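All values below were derived from every heavy atom in this structure, side-chain atoms included, with hydrogens, water molecules and symmetry-related copies excluded. None of the values given here were measured: they were computed from a predicted structure.
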Amino acid sequence: MNESYPVVSFMGLRFNLANDLAILISCILIFALVFWLARKPTLRPNGRQNVLEYLIDFTNGIVKQAMPGKEGNRFGLFAFVLFLFVWVNNQLGLFLQLDVGGKTWVRSSTADPIITLSLAMLVLVLSHFFGVVFNGAKGYLHEYVSPVAFLLPINLIENITNFVTLALRLYGNIYAGEVLLLLIRQLAFSGHGLLGGVSFIGGFAIEVIWQGFSVFIGTIQAYIFVTLSTVYTSEKVISD
């Protein structure tokens with residue numbers, strides 16, 4: 001699939017504006033959503049407040065499954081923000097893919113491996129940081145040679161594989177979904193005359209169905225990403 005994105009250069013570095021715009025739009029949408037849901041909280045929750053509390057309980061439940069002790073109390077907000085960020089970015093390209101002048105200006109940023117690798121790197125760095133915070137440097141390093149010293153190479157390799165699979169799983173699913181959506185749209189406009197009308201109606205129907213399925217896939221992938229992130233963090237935070 002040939003794609004073209006607007007790119008700017010700064011100090012020898014090239015930046016993909018499609019990713020930047022998608023992340024900016026996602027942050028605005030998330031802030032607006034949470035602000036709207038959290039307005040005028042009451043002791044007896046109303047409809048909007050119930051939605052927000054359900055989301056918080058949902059992400060807190062993910063954390064508690066991996067870290068049932070007091071350690072998990074620090075990661076509830078992180079899981080909540082991470083889930084919303086990944087979920088909104090997964091859905092963005094389905095409903096707001098903007099193509100102008102032969103360039104794609106807005107799409108799902110999680111359809112780019114650079115973004116998913118960056119998110120995985122964030123999780124990796126935080127997990128190691130809090131591993132030192134909770135267990136001290138000595139306890140953190142001891143986990144690499146536990147239960148026996150010759151497991152050190154395996155434990156090091158596991159850190160790399162966790163990082164790569166966390167990033168590529170999310171990227172692969174979202175990118176494949178957007179590619180199929182583009183192919184369906186091309187199918188809808190591929191015919192001419194009577195055949196064109198049939199292909200448009202058929203392509204439109206398939207696109208609606210696929211978008212609904214992609215929303216489900218994007219939600220599942222956000223859940224999996226946050227779940228695995230908390231599991232990997234718990235492995236560093238909770239000492240055996």
Can N159 and H128 be said to form a side-chain hydrogen bond (donor to acceptor under 3.5 Å, both in side chains), step by step?
CA-CA 10 Å; N159 280 276; H128 286 276; 3.2 Å; yes

Find out whether L124 and M121 are in side-chain contact, i.e. whether some heavy atom of one side chain is under 4.5 Å from a heavy atom of the other.
yes

Single-linkage hydrophobic cluster, 4.5 Å side-chain cutoff, V237 and L141 together:
no

Can any side-chain N or O of S109 pair as donor or acceptor with the backbone N or O of N19 at less than 3.5 Å?
no

Could you report the tightest heavy-atom contact between R48 and L37, atom names first, then the distance?
O-CD2, 3.6 Å

First locate atom CG of D57, then atom CD1 of I62, and finally report the distance between them rounded to the nearest 0.5 Å.
11.5 Å

Nearest heavy-atom contact between D112 and I114 is OD1-N, 2.8 Å

Quick one: are the ring centres of F130 and F75 less than 6.0 Å apart?
yes

Identified side-chain contact (heavy atoms from CB on, under 4.5 Å) partner of V164 from the options L168, N162, T161:
L168

Between W87 and L24, is there shared hydrophobic-cluster membership here, with clusters defined by ILVMFWY side-chain heavy atoms closer than 4.5 Å?
no

Answer with yes or no whether the hydrophobic clustering places L92 together with F216; edges join I, L, V, M, F, W, Y residues whose side-chain heavy atoms lie under 4.5 Å apart.
yes

Please determine whether residues V145 and I238 belong to a single hydrophobic cluster, defined as Ile, Leu, Val, Met, Phe, Trp and Tyr linked transitively by side-chain heavy-atom distances below 4.5 Å.
no

Under 6.0 Å from the CZ atom of F58, do we count more than 12 heavy atoms belonging to anything else shown?
yes

Contact check, side chains of F85 and L119, non-hydrogen atoms, under 4.5 Å:
yes

Can you tell me if S108 and N90 form a side-chain donor-acceptor pair at under 3.5 Å?
no

Hey, does Y171 have a side-chain heavy atom less than 4.5 Å from the side chain of T110?
no

